[in-house]
J.: 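This is the structure, below, for whatever I ask next.
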There are 2 protein chains.
Amino acid sequence: MVRKPTSKETARKPNMREAILAAAEELFATNGFNAVSVRDIAQAAGANPGSVTYHFKTKDGLLLEIYRRHCGPMNLRRSELLAAAKRVRDLQDRLEAIVRAYVVPAFTSGSDLAGGGARFTRLRAVMSAEGNEVARRIIAQTFDDTSHAFIDAIHESLPHIPRTEIVWRSHFLLGALYYSLVTPERVSRLSRGEADGSDAASAIEQLVQATVAAFQAPALDQTAPARRRTVASSKT
Amino acid sequence: MVRKPTSKETARKPNMREAILAAAEELFATNGFNAVSVRDIAQAAGANPGSVTYHFKTKDGLLLEIYRRHCGPMNLRRSELLAAAKRVRDLQDRLEAIVRAYVVPAFTSGSDLAGGGARFTRLRAVMSAEGNEVARRIIAQTFDDTSHAFIDAIHESLPHIPRTEIVWRSHFLLGALYYSLVTPERVSRLSRGEADGSDAASAIEQLVQATVAAFQAPALDQTAPARRRTVASSKT
DNA sequence: ATGTGATTTGTACTATCGTACAAAAGATCA
DNA sequence: TGATCTTTTGTACGATAGTACAAATCACAT
């Protein structure tokens, strides 16, 4: 079952540390934190279990390092794109540019490895779902600034919508984004093969289009004079 | 650490089976499948670990039973609401009714226990994120019919949008729905306390409002003659 | 080439996991 | 009450978890 590292993998650039990080990222992102053992990671990286302990001390430390590695570049890229988006004159175009600035880095790059951005975003989605403590701490102190910046920017281009609603809709955006990365095959299945859920370009365009429209929806709180409820809410 | 079952809990209605199911549901939904041990569940239910084995044979069997318990009522409720929604004349109102028929049962009821619907939906979100095999099988064969029914209904009220895009947007809806149940506190935090992410009624209204607008967005594939990209897509 | 610090390996320890199973306790009805 | 079936308890077993650590190996400056 264990695949011995071939010379091609270890001899040229014996950067075990990177290999372990990449393997852990992939495994955590697809199976969750607790379902993956240190031994699984070591095996996938062609390394020895002890090597993981040496480089990252603990399993939590390994997860922490994955976040450290990605958060910087992704947030940098996002703020660059956000700054550019804010310079767009037309308000409708600006909104789309802002949303795109939020979405695109989540799907692409961040680091050097191919598919790294999508994989890390999927990892965040899974850790968030599992209520992982390590992730929760990092998220709160690393991503909230970025989130606020985007919320503010969107709010500026949609001044008539209360900030609270912008928050809700941003939250929905992140949820949709996460879910698209978690189960892309569901899109393929439900569309009977007509759409490819794994195609990042499609996902981005569809998500941007849908989200921009969602943001532009009339406000619920103040603006609309209470649309009647078509269907009862609940009984519990 | 282990709390001995008081007479109030076990004596009156000694339905350990139910208690175990409820405890497992709660723990799985908040911590994921692998992070929770059978002993954790037993302890939370005031039962003996062996009792879990007796009633459900395996840990997977326990998860399976949770799904069995909820899927029927929830899908029944959804199809009832969907049937009612389809009778709405006005196309705009009908779309909203359909979306509501999809969203409301996910947040409320399903079973008798308070908050049961939301908890089960959150459980599904977490299992989906973890790529849980048991859940994946059940979902595909239980929820795909319902999903198709909703997609078709939405498609009928938005005939000018290609089905593929309806699928994408439905997928986003489910992602947003899931995420709202997974990390409601994020909404409260980002809105600086102005919104309560845990309030089901708010979540439903916000989600319905935003989603209806998303569905009504112009189609991307055929209709719009290729909007220019405001921001580059990637470099990887 | 050799010594030195960094890395990798191999292995072992303890804790906890899911599950099995026999014994105890409880319920049901003749 | 006693027999029978259901449920609960207590405990044990093998597997695997995370982590520690000494020995082996490697990279490289001198």
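Just so we're on the same page: letters track the sequence lines, and every chain starts at 1.
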J.: Mind listing the closest non-hydrogen atom pair of B:Phe215 and B:Ile166 along with its distance?
T.: CE2-O, 3.8 Å
J.: D:dT7 C1' sits how many Å from B:Glu18 CD, rounded?
T.: 15 Å
J.: Can we say A:Glu80 and A:Arg77 salt-bridge, meaning some charged N sits less than 4.0 Å from an Asp/Glu carboxylate O?
T.: no
J.: Suppose we call two aromatic rings close when their centres sit under 6.0 Å apart. Are A:Phe120 and A:Tyr67 close by that rule?
T.: yes
J.: Check for me whether A:Arg124 meets the cation-pi criterion with A:Phe143, that is, NZ or CZ under 6.0 Å from the six-membered ring centre and within 45 degrees of the ring axis.
T.: yes
J.: Looking only at the aromatic ring of each residue, does the gap between the centers of A:Tyr179 and B:Tyr179 stay below 6.0 angstrom?
T.: no
J.: Rounded to whole angstroms, how far apart are CZ on B:Phe33 and C1' on C:dC17?
T.: 12 Å
J.: Between B:Ser51 and D:dT7, is there a contact of a side-chain N or O with OP1 or OP2 at under 4.0 Å?
T.: no
J.: Any carboxylate oxygen within less than 4.0 angstrom of a Lys/Arg side-chain nitrogen, looking at B:Asp152 and B:Arg163?
T.: yes
J.: Tell me which residues in residues 35-42 of chain A lie within less than 4.0 Å of DNA chain D, going by non-hydrogen atoms.
T.: A:Val36, A:Ser37, A:Val38, A:Arg39
J.: Can B:Lys57 and B:Glu65 be counted as an ion pair, charged N to O under 4.0 angstrom?
T.: no
J.: Take the protein atom CG of A:Asn48 and the nucleotide atom P of C:dG10, then report the distance between them rounded to whole Å.
T.: 6 Å
J.: For DNA chain D, which residues in residues 52-68 of chain B have a heavy atom at a distance below 4.0 Å?
T.: B:Tyr54, B:His55
J.: In whole angstrom, what separates B:Arg17's CZ from C:dG26's P?
T.: 22 Å
J.: A:Gln43 has an atom CD; how far is it from atom P of D:dG18, in whole Å?
T.: 13 Å
